Structures are given as C-alpha cells and as structure tokens.
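To start, the structure under review is shown below, and the notes come after it.
Sequence lines set the chain letters: A, B, ... in the order given, protein chains first and strands last, and positions in each chain run from 1. Just so you know, these numbers come straight off a predicted model, no measurement behind them.
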Number of protein chains: 2
Amino acid sequence: MRADARRNRDRLLAEAEAVFRERGSDASLEAVARRAGVAIGTLYGHFPTRKALLEALLRDRQDAVFRLGDRLRDADRTGAALAEWITAVTEHAATYRGLAAQLLGSLDDETSELNAACRRMSEAGQHLVARATAAGDIRPDTTADDVFALISAAAWLRDQVPPAQADRLLTYMIDGLARG
Amino acid sequence: MRADARRNRDRLLAEAEAVFRERGSDASLEAVARRAGVAIGTLYGHFPTRKALLEALLRDRQDAVFRLGDRLRDADRTGAALAEWITAVTEHAATYRGLAAQLLGSLDDETSELNAACRRMSEAGQHLVARATAAGDIRPDTTADDVFALISAAAWLRDQVPPAQADRLLTYMIDGLARG
DNA sequence: ACCTGAACACCGTTCAAGT
DNA sequence: ACCTGAACACCGTTCAAGT
C-alpha cells in the first residue's frame, strides 16, 4: 500500500471515529472526508460502504471483546459469566449512536461487512448460553439470538437515557433472563 | 378551515401514515407531499415539523391507550395491570420504525410537539408504578421513567426482530422488573 | 387564507480524468 | 495505484409570488 494511501486511510479512520462519536454512526460521510482533508472519492476508495468503514473502526475493540469471550468459556459460574459477557458486548455495541441497529441487522445479512463480526459474537454468546441453560442459570428456552437482541436493545438504551439508568435497566434485563 | 385545506390535510395524513409504515418515521417528507399530490410547502404549512405530523398521526391511537390507562388505574392485581400497560404502550410506540426514539427523546424536551403526549403516558405509568411498588409487585426502586425507557427499548426491538421473539423478550423485561 | 415551487444548503454515490 | 472533484439524484426547509 502506497504511503500516501496509508496516511489517508489512517486520517479517515481517525476523523470517522470522532465524527461518529459526535453525531452517531449515520453521520455525514462528506463531513468525514472533509475533516480528513481528502476528496469524497478517496473515502469511497478505501471504504466502499458505511458498514465497511464501521467494521474497520471496530476491529481493535472487537478483539478485546473476543478475548473476554475466550476467557469466560469455561467459567464455573455460568450465569455470572453470561452476565459479564452481555455487559461487555452492550458497551461495545453502544460505541456510536445507531451502531446497535446496524449490528443487529447485520447478524442475518450475509452481504453486510459487519456480518462476520456479528456471527463471531453470536457464536461466543451461543456457547455461554448453552452452558448457562445446562446449569439451569437462565430460562431454558433462551437462544443466542435472544441474547444478541437483548444486548442490542440495551446498547440502544445507552444512547437514549443517562448512564446510571441504562445500567440499572440492563440489570433488570439480565435478571429477566435468569427468571425461570 | 377552508374545504381545500381540510382535504389537503387529510390526504397528507393518509399518505404520511402509509409512507411511515413502509419506510419508518424518518421517511422523506417530499415523498409524502408527492404522494398526497401537494407541493412541499403545503405540507410544512399544515405541519411545521416532522414531530407535529407524527403527533397528529398518533392522536387517535393515543386516545385508546389513555382509555386503557384509566381502566387499569384501580385494578386489583397491580403487577398484571402494569404488565398490560407496558405491553399496550410498547405496541403503540412501535407503530412506525424510529418512533420509539422520538418518543423517548420527547419526554424531557418541552419544545417537542410530542412532549404532551409523552408526559400523559408517563403520568399514567407513574400511577401504575406507584401502586405496583406499594403492593411489592415490582422492584421498589423502579421509576416511571424506567418503565417508559423499557417500553421504548421493547418497541425498538419490535422493529428489529421477528414478532414472536420481540414478544418473548418483552416478557423477559417485564419479569426483570418484577424481580425484587 | 392557503398553495405553489423555486431557491438554498446539504448529502450519498459514481466515475472520467488526472498524477 | 491512487486521488480528485464534477455530476447526478435526492432531501429538508424557507419564502416570495400567486390564487
């Protein structure tokens, strides 16, 4: 990759991060290009879709989430492990306003650049759900899709209400999952 | 109100209803005006903001919700009454994609044309929450704002996942509220 | 009293032309 | 190999001019 291309790519990612944090993940791509000091076509050259740009932005953060998933795989307290997973992924999915909807919508959309990441997250959740149901820690009919959807709803809430309230409501949701 | 103005207003409401159902509550207002056969200025003349248009669209449906609120005011089983209220308002808030966010955001925004409706809904909820906490049917620290936020999250979910799953997750949330 | 539609500012996306 | 920016299609919102 040419040096100037690399530099443009890096600047685009940095400005996209800033703009998405300020205005949400549906913010203007023209604004991102403008702030990065490149033409709009350069943005499209590096990231053909908004989701491709989002995927690149989330890469590093996702790795941390997956490491947590690995660490929780064999935890003794399966209910607590699932709760910790849900809390971490909720925070991840609330990085930018509007991201939760994109992630939830990408789980079943194979054309989405976010699909692979969503599937990996869902599969990590799947394992934790299976262990928690086997241990009787959560409702027996719970699916990995349920957990992914609940996480998305909690992440959506984090963008709409004060953090303390969002945390409390997430606790309610997790408890609702536990109730048999 | 002049007869032609009345006719335009009615057509605008009918087409907005259709367009918002198809494309969500942030659909193009130009498309609404186009389908109603009037100029875009006519739409703005009748409804100065998108929220004003939404408010007019929701009026009838809201009345039904408030009647349910009145009916539940003195119910014996306060937990069940609150659950019924939550279910009904969730359905109401999921009428169009994107509406839940507008409603939740309008609760504390006095400049929003939806503010009055949100406050009325919140107050009806407030009474049911107070009765349910007094009876020990739900967590004692639950507020009317919590319930409104939970309803919004459930409504948001209804636009993202299949109805059966949304119903199941709403049950989880309501149970989470009940857990002491 | 109400309607029209041009005007302005803005955006998503593509692609021919440049370096 | 990559970048530029004009081009096209679309939208939100306002407001002078019409009826």
Rounded to the nearest 0.5 Å, how far does [atom2] of [Y] lie from [atom1] of [X]?
X: B:Met1; Y: B:Arg9; atom1: CE; atom2: CZ; answer: 5.5 Å
X: B:Gln62; Y: B:Leu114; atom1: CD; atom2: CG; answer: 7.5 Å
X: A:Gln126; Y: A:Thr143; atom1: CD; atom2: OG1; answer: 8.5 Å

- request: Name every residue in residues 24-54 of chain B that has at least one heavy atom under 4.0 Å from any atom of DNA chain C, in order of residue number, or write none if there are no such residues.
  value: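 B:Val38, B:Ala39, B:Ile40, B:Gly41, B:Thr42, B:His46, in order of number.
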Protein-nucleotide distance ([X], atom [atom1]; [N], atom [atom2]), rounded to Å:
X: A:Asp4; N: C:dT19; atom1: CG; atom2: C1'; value: 10 Å
X: B:Arg23; N: D:dG12; atom1: CZ; atom2: P; value: 13 Å
X: B:Arg6; N: C:dC3; atom1: CZ; atom2: C1'; value: 17 Å
X: B:Arg9; N: C:dC3; atom1: CZ; atom2: C1'; value: 16 Å

message: Looking at C:dC3, I'd like to know if its phosphate oxygens (OP1 or OP2) sit under 4.0 Å from a side-chain N or O belonging to B:Asn8.
response: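 Yes, within the criterion.
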field: Residue pair B:Asp175, A:Arg139: steps toward the salt bridge (Lys or Arg N to Asp or Glu O under 4.0 Å) verdict
entry: CA-CA 12 Å; B:Asp175 282 359; A:Arg139 310 168 94 104; 3.1 Å; yes
message: One thing to verify: whether A:Lys51 and A:Glu55 come together as a salt bridge, which I'm taking to mean a side-chain N less than 4.0 angstrom from a carboxylate O.
response: no
query: Between B:Arg158 and B:Asp167, is there a salt bridge with N-O shorter than 4.0 Å?
result: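 Result for this pair is yes, salt bridge flagged.
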- prompt: How are the rings of A:Trp156 and B:Trp156 set relative to one another: parallel (under 30°), tilted (30 to 60°) or perpendicular (over 60°)?
  reply: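 Plane angle under 30°, so parallel.
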message: Evaluate B:Asn8 against B:Thr42 for side-chain hydrogen bond (donor to acceptor under 3.5 Å, both in side chains), listing each step before the verdict.
response: CA-CA 8 Å; B:Asn8 282 338; B:Thr42 303; 5.3 Å; no
message: Given a 3.5 Å cut-off on both pairing distances, which stems involving DNA chain C, each at least three consecutive Watson-Crick or G-U pairs, are present, if any?
response: C:4-8 with D:12-16, C:12-16 with D:4-8
